[in-house]
Enquirer: 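I have a structure here, written as structure tokens, and I will follow up with some questions on it.
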There are 2 protein chains.
Amino acid sequence: MEFQFEQYWKEYGENELSHSETHYLLTIYSLLRKDDLLRASTVAKELGISRNAVHLQLKKLSEKKLVKIKENLISLPKHSINIVEKVANKRQTMIVLLSEVLGVPMHIATTDSCKIEHLLSDDTGEALLKFVQFLRSDRKVVLQFLKEFQKYYLQCDPEIGCGLCENIHSMEKVNEN
Amino acid sequence: MEFQFEQYWKEYGENELSHSETHYLLTIYSLLRKDDLLRASTVAKELGISRNAVHLQLKKLSEKKLVKIKENLISLPKHSINIVEKVANKRQTMIVLLSEVLGVPMHIATTDSCKIEHLLSDDTGEALLKFVQFLRSDRKVVLQFLKEFQKYYLQCDPEIGCGLCENIHSMEKVNEN
DNA sequence: TCTTTTTGTTAGGCATGCCTAACATATTTT
DNA sequence: AAAATATGTTAGGCATGCCTAACAAAAAGA
């Protein structure tokens with residue numbers, strides 16, 4: 001196996017949103033749907049973070065125009081709502097792909113999706129969404145494909161060479177530890 | 001859209017490897033294949049990071065038993081090689097899924113995969129690998145499925161309701177900005 | 001009204017992981 | 001051997017993002 005991706009690794013830190021910021025926005029969005037009079041302390045409770053930390057983060061988010069704060073009440077500008085909805089779509093799409101199509105246990109699918117949602121590009125998000133949308137349709141080819149995959153998935157023959165077998169075998173070997 | 005995933009978000013920081021550590025290990029693994037006499041300064045050059053930072057990180061990785069250092073020469077214990085190979089498989093699988101199957105441009109597929117590789121669980125990694133392996137096989141159902149997906153992907157009708165359409169439309173709307 | 005409780009705010013600390021500057025120790029080169 | 005270069009090491013700084021402690025201001029209850 002060869003790696004020639006070292007030039008990409010630093011882009012990790014150059015995302016529109018950090019993991020922390022993402023969850024502030026998602027939480028604020030969610031809480032605003034229940035009650036539009038939202039204060040910092042409510043966000044703190046919901047995130048399980050101290051009021052002080054939330055206060056400081058909200059101040060920064062406010063400077064970045066990602067949240068609006070007026071008389072201690074929080075709201076989201078349109079721009080942020082767009083961001084939140086895109087991230088939420090990426091998460092939801094990944095959860096469906098992993099749990100429904102690939103059969104990954106729900107808790108794991110959710111945790112994994114939650115970790116990567118804000119890191120996926122919009123291109124990837126859109127492509128994944130169309131793919132999942134297609135996989136969920138009741139086209140004959142899709143149903144046959146999924147049926148065949150289930151069969152394959154449940155009884156994969158390690159003796160069949162297929163170009164990726166070395167990888168799957170290394171995965172299995174490692175998991176025995 | 002409802003969010004009930006707030007309880008998961010803190011798990012983000014509780015990974016086996018940080019993004020930084022992951023790339024140290026991947027880089028060391030890669031460099032050791034070219035020359036087994038590997039020094040910290042070589043790693044620094046490859047990662048584009050100062051020698052000092054690399055030195056400090058290697059000391060920590062060494063304390064965690066993720067790398068071995070003997071007379072200024074770096075090597076990887078078996079345990080780390082397993083980790084590296086699993087991460088590399090996750091990355092490779094995601095790149096193939098995104099670029100080959102979903103048609104995401106290579107640079108984007110690579111960047112995205114690079115960002116999430118270390119965050120995907122082994123369960124997800126294995127499931128994705130089997131899925132991609134299946135998608136790459138020349139089964140008739142797979143070929144028909146992919147052909148139909150291409151057709152669908154290139155000319156999706158937004159008027160068709162399918163449960164995920166609201167999402168795809170919100171994505172498209174947002175991207176117009 | 002006065003007290004208690006809830007919020008908001010500031011300050012100092014800690015861990016991660018990068019940086020530059022400075023110095024120490026090899027290792028080459030001349 | 002002496003000078004030049006490469007490599008290792010330590011110290012101090014900075015940004016992110018969390019923490020606790022302490023205090024201020026506002027809201028609620030007696």
Side-chain angles (χ1 to χ4, degrees), chain A residues 6-28 31-32 35-75 114-115 118-119, chain B residues 6-28 31-32 35-75 114-115 118-119:
Chain A
E6 281 71 23
Q7 64 268 30
Y8 296 114
W9 88 272
K10 280 201 171 177
E11 295 190 24
Y12 186 78
E14 297 163 10
N15 298 298
E16 190 173 25
L17 297 179
S18 70
H19 179 71
S20 164
E21 289 172 333
T22 303
H23 282 276
Y24 275 90
L25 295 187
L26 285 167
T27 300
I28 290 167
L31 290 173
L32 280 173
D35 187 350
D36 56 353
L37 299 179
L38 181 59
R39 338 182 121 268
S41 65
T42 314
V43 176
K45 268 176 218 149
E46 185 74 15
L47 281 174
I49 284 176
S50 71
R51 267 182 302 124
N52 336 332
V54 169
H55 174 73
L56 294 174
Q57 280 297 89
L58 285 178
K59 223 162 66 175
K60 282 184 195 167
L61 287 169
S62 171
E63 281 159 17
K64 290 189 193 172
K65 309 274 181 200
L66 287 167
V67 306
K68 240 180 285 180
I69 297 177
K70 203 175 172 182
E71 290 160 26
N72 288 330
L73 293 179
I74 305 167
S75 62
C114 212
K115 285 179 182 175
H118 67 297
L119 296 172
Chain B
E6 281 70 22
Q7 64 269 29
Y8 294 115
W9 87 273
K10 280 201 171 177
E11 295 190 24
Y12 186 78
E14 297 162 10
N15 299 298
E16 189 173 26
L17 296 179
S18 69
H19 178 71
S20 163
E21 289 172 333
T22 303
H23 282 276
Y24 274 91
L25 295 187
L26 284 167
T27 301
I28 291 167
L31 290 173
L32 279 174
D35 187 350
D36 56 352
L37 300 178
L38 180 59
R39 339 183 119 266
S41 66
T42 313
V43 176
K45 269 176 218 151
E46 186 74 14
L47 281 174
I49 283 176
S50 70
R51 267 182 302 125
N52 336 333
V54 169
H55 173 73
L56 294 173
Q57 281 297 90
L58 285 178
K59 222 161 68 176
K60 281 185 196 167
L61 287 170
S62 170
E63 281 159 17
K64 289 189 194 173
K65 309 275 181 199
L66 286 167
V67 305
K68 239 179 284 179
I69 298 178
K70 203 176 173 183
E71 291 160 27
N72 288 330
L73 293 179
I74 305 167
S75 62
C114 211
K115 285 179 181 173
H118 67 296
L119 296 171

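Letters A, B, ... are given to chains in the order of the sequence lines, protein chains preceding strands, and every chain is numbered from 1.
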Enquirer: Measure the distance from CG on B:Leu17 to P on C:dT16 and round it to the nearest whole Å.
Expert: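 My rounded result for the distance is 14 Å.
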Enquirer: Taking OP1 and OP2 of D:dC18, is either one under 4.0 Å from a side-chain nitrogen or oxygen of A:Ser20?
Expert: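 Looking at the OP1 and OP2 atoms of D:dC18, one of them is under 4.0 Å from a side-chain N or O of A:Ser20.
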Enquirer: Does OP1 or OP2 of C:dT20 have a side-chain N or O of B:Ser50 closer than 4.0 Å?
Expert: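 No, because none of the side-chain N or O atoms of B:Ser50 sits under 4.0 Å from OP1 or OP2 of C:dT20.
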Enquirer: Please report the distance, rounded to the nearest Å, between CD in B:Glu71 and P in C:dT25.
Expert: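 The answer, rounded to whole Å, is 17 Å.
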Enquirer: If you measure from CZ on A:Arg51 to CG on A:Leu56, what distance do you get to the nearest 0.5 Å?
Expert: 12.0 Å
Enquirer: Any side-chain heavy-atom pair from A:Tyr24 and A:Val54 closer than 4.5 angstrom?
Expert: yes
Enquirer: Could I get a table of every N or O pair under 3.5 Å where one atom is in the protein and the other is in nucleotides 9-12 of chain C?
Expert:
{"unit_1": "C:dT9", "atom_1": "OP2", "unit_2": "A:His55", "atom_2": "ND1", "d": "2.9"}
{"unit_1": "C:dT9", "atom_1": "O4", "unit_2": "A:Asn52", "atom_2": "OD1", "d": "3.1"}
{"unit_1": "C:dT10", "atom_1": "OP2", "unit_2": "A:Lys59", "atom_2": "NZ", "d": "3.2"}

Enquirer: How many Å lie between NZ on A:Lys64 and C1' on D:dT16, as a whole number?
Expert: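 Distance check: A:Lys64 NZ to D:dT16 C1' gives 9 Å.
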Enquirer: Looking at B:Tyr24, does any N or O in its side chain come under 4.0 Å of the phosphate oxygens OP1/OP2 on C:dT16?
Expert: no
Enquirer: How many angstroms lie between atom NE2 of A:His118 and atom OG of A:Ser18, to the nearest 0.5 angstrom?
Expert: 6.5 Å
Enquirer: Give a yes or no on whether the backbone of B:Leu37 and the side-chain of B:Asp35 come within a donor-acceptor separation of less than 3.5 Å.
Expert: yes
Enquirer: Closest-nucleotide mapping onto DNA chain C: is B:Ala53 or B:Arg39 further toward the 5' terminus? I mean the 5' end.
Expert: B:Ala53
Enquirer: Please report the distance, rounded to the nearest Å, between CG in A:Leu73 and P in D:dA27.
Expert: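 Those two atoms, CG and P, are 10 Å apart.
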Enquirer: Please enumerate all residues that pass salt bridge (charged side-chain N to carboxylate O under 4.0 Å, His left out) together with A:Lys59, with sequence neighbours excluded.
Expert: none
Enquirer: What are the two closest non-hydrogen atoms of B:Ile69 and B:Ser62, and how far apart are they?
Expert: CD1-CB, 4.4 Å
Enquirer: Whole angstroms only, please: what is the NE2-C1' distance between B:His19 and C:dA15?
Expert: 18 Å
Enquirer: Could you pick out which residue, A:Val54 or B:Ser41, lies toward the 5' side of DNA chain D when each is mapped onto its nearest nucleotide?
Expert: B:Ser41
Enquirer: How many whole angstroms separate atom CG of A:Leu37 from atom C1' of D:dA26?
Expert: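 Value for this atom pair: 16 Å.
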Enquirer: What integer distance in Å separates B:Ile49:CD1 from D:dC14:P?
Expert: 20 Å
Enquirer: Mind calculating the distance between CG (B:Leu61) and C1' (C:dG17) to the nearest angstrom?
Expert: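 Distance check: B:Leu61 CG to C:dG17 C1' gives 12 Å.
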Enquirer: In terms of side-chain geometry, is the basic nitrogen of B:Lys64 or B:Glu21 positioned less than 4.0 Å from the acidic oxygen of its partner?
Expert: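 Judged by the 4.0 Å cut-off on N to carboxylate O distance, B:Lys64 and B:Glu21 do form a salt bridge.
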